[in-house]
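Below is one structure, written out as structure tokens; comments come after it.
Remember, it's a predicted structure, so these values are computed and weren't measured experimentally. The chains referred to below are lettered A, B, ... by the order of the sequence lines, with proteins before strands, and numbering in each begins at 1.
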Amino acid sequence: MPELPEVETLVQELRPQVTGRRIDDVILHWPGCVATPSPRAFIRRMKGRIIREVRRRGKFLWFVLDHGAWLVHLKMTGRLFLLPMSEPDPHARADFVMDDGRILRFQDLRKFGRLYWVPDPEPFFRPLGPEPLDPRFRPEDLARQLAGRRGRLKALLLNQSVMAGIGNIYADEALWRAGLHPMRSAASLNGEEIRRLWKGIREALLAGLRHHGTTIQWYRRPEGSSGAHQRYLRVYGRAGRPCFRCGTPIVRQVLQGRSAYFCPVCQR
DNA sequence: CCCGGAACCTGAAGGC
DNA sequence: TGCCTTCAGGTTCCGG
């Protein structure tokens, strides 16, 4: 579910709540959520650690600890909640008891989400492409990331090694803003189109961030409220409804195994 | 390289 | 009411 704007919203809202706190206890309701190391070793590594910083890399939440790093990937339905006390929840997968008594809960209906403890996240993040909202990320960098790639734009935007953090919603939103068809080949773009794509990506992500993310169904902010960006989406989920630019009905098509929403007239 | 499809899971929603 | 199908914000693996 969550893409860059949703994960960034979580990071910004959790940061003032948990920075400097110690993790007193870890309870794994479903040990399968731990990707690495083993569940027992994960508990041993996490207990007693102090959270120094809360950061994001691509779609990963990144808790910098006094020893190593705790990473969380929410995949489709993962959530992180801060609760005043533990309460029964069939979808709770892991609880982190903080030194102020509050519970940082990892919840995940579909069980795709994963937790990681790593001594050093650098090798872990190495496969990821640049951060599209980094001020140092310029149109030339986008051109470099696309150079030599034979794929279609939609697939490349979803590829985390091309750029980190974009998912199905913001890929469609970025392509609509850029006026580019999802099945255009990257190799066919001229300089002006690359620039438009760069701008479309940034504006789509910044709009999502401004509204604290998109809640279609599962995504929630750490205190439980929804994002608001679903009210401002330009194409995603708008099949059959008029394009905001030209009035043509928006098309939904399955491309690369994912649903793609686009305007068949003004996206070329 | 690139693409499509399946797999990993558990619902919600819509058609009949 | 109940059964069946389809769809879902992500990622990875496998075969063509």
What integer distance in Å separates [X]:[atom1] from [N]:[atom2]?
X: Q230(A); N: dA8(C); atom1: CD; atom2: C1'; answer: 15 Å
X: L74(A); N: dT11(C); atom1: CG; atom2: P; answer: 10 Å
X: L158(A); N: dT11(C); atom1: CG; atom2: C1'; answer: 11 Å
X: R57(A); N: dG10(C); atom1: CZ; atom2: P; answer: 17 Å
X: N168(A); N: dT11(C); atom1: CG; atom2: C1'; answer: 13 Å
X: I216(A); N: dT6(C); atom1: CD1; atom2: C1'; answer: 17 Å
X: K154(A); N: dG4(B); atom1: NZ; atom2: C1'; answer: 15 Å
X: Q107(A); N: dC9(B); atom1: CD; atom2: P; answer: 18 Å

Report the nucleotide, chosen from [options], that has the shortest atom-to-atom distance to any side-chain atom of [X].
X: R258(A); options: dT11(C), dC7(C), dT10(B); answer: dT11(C)
X: Y236(A); options: dA8(C), dC3(B), dG10(C); answer: dA8(C)
X: K111(A); options: dT11(C), dG10(C), dC9(B); answer: dC9(B)

Option among R210(A), H211(A), H212(A) that satisfies the side chain to side chain donor-acceptor pair (under 3.5 Å) test with H229(A): H211(A)
Does OP1 or OP2 of [N] have a side-chain N or O of [X] closer than 4.0 Å?
X: T77(A); N: dA8(C); value: no
X: R252(A); N: dA8(C); value: yes
X: R152(A); N: dC3(B); value: yes
X: K75(A); N: dC9(B); value: no
X: H73(A); N: dG10(C); value: no
X: Q256(A); N: dG4(B); value: yes
X: R149(A); N: dC1(B); value: no

Could you run down the sub-3.5 Å N/O contacts of the protein with nucleotides 11-13 of chain B?
{"from": "dG11(B)", "atom 1": "OP1", "to": "H91(A)", "atom 2": "NE2", "distance (Å)": "3.1"}

Do [X] and [Y] have side-chain atoms, one donor and one acceptor, less than 3.5 Å apart?
X: Q17(A); Y: E13(A); value: no
X: E6(A); Y: Y170(A); value: yes
X: R184(A); Y: Q267(A); value: no

Taking the six-membered ring for Trp, are the ring centroids of W30(A) and H91(A) within less than 6.0 Å of each other? no
Please confirm whether W176(A) and Y261(A) have ring centers closer than 6.0 angstrom. no
Please name the pair of heavy atoms, one in [X] and one in [Y], separated by the smallest distance, quoted to 0.1 Å.
X: V26(A); Y: M46(A); answer: CG2-CB, 3.8 Å
X: I194(A); Y: L142(A); answer: O-CD2, 3.6 Å
X: F137(A); Y: E131(A); answer: CB-O, 3.6 Å

State the dot-bracket string of DNA chain C. Criteria: Watson-Crick or G-U wobble, both atom distances under 3.5 angstrom; notation: ( ) intrastrand, [ ] crossing earlier pairs, | interstrand, . unpaired. .|||||||.|||||||
Mind checking [X] for me? I need base, sugar-phosphate or nothing, with any heavy atom below 4.0 Å counting as a touch.
X: T215(A); answer: base
X: Y170(A); answer: nothing
X: G167(A); answer: sugar-phosphate
X: R93(A); answer: nothing

Compare the ring of F112(A) with the six-membered ring in the base of dC8(B) and state whether they stack (centres under 5.5 Å, planes under 30°). yes
Contacts of M183(A) and W30(A) projected onto DNA chain B by closest heavy atom; the upstream (5') one is M183(A)
On a whole-Å scale, what distance lies between the P atoms belonging to dT6(C) and dA6(B)? 12 Å
Give me the one residue out of W70(A), F124(A), F125(A) that meets ring pair (Phe, Tyr, Trp, His ring centres under 6.0 Å) with W62(A). F125(A)
Test L71(A) against L115(A) for side chain to side chain contact (heavy atoms under 4.5 Å, CB included), laying out the working first. CA-CA 6 Å; L71(A) 309 177; L115(A) 311 179; over 6 Å; no
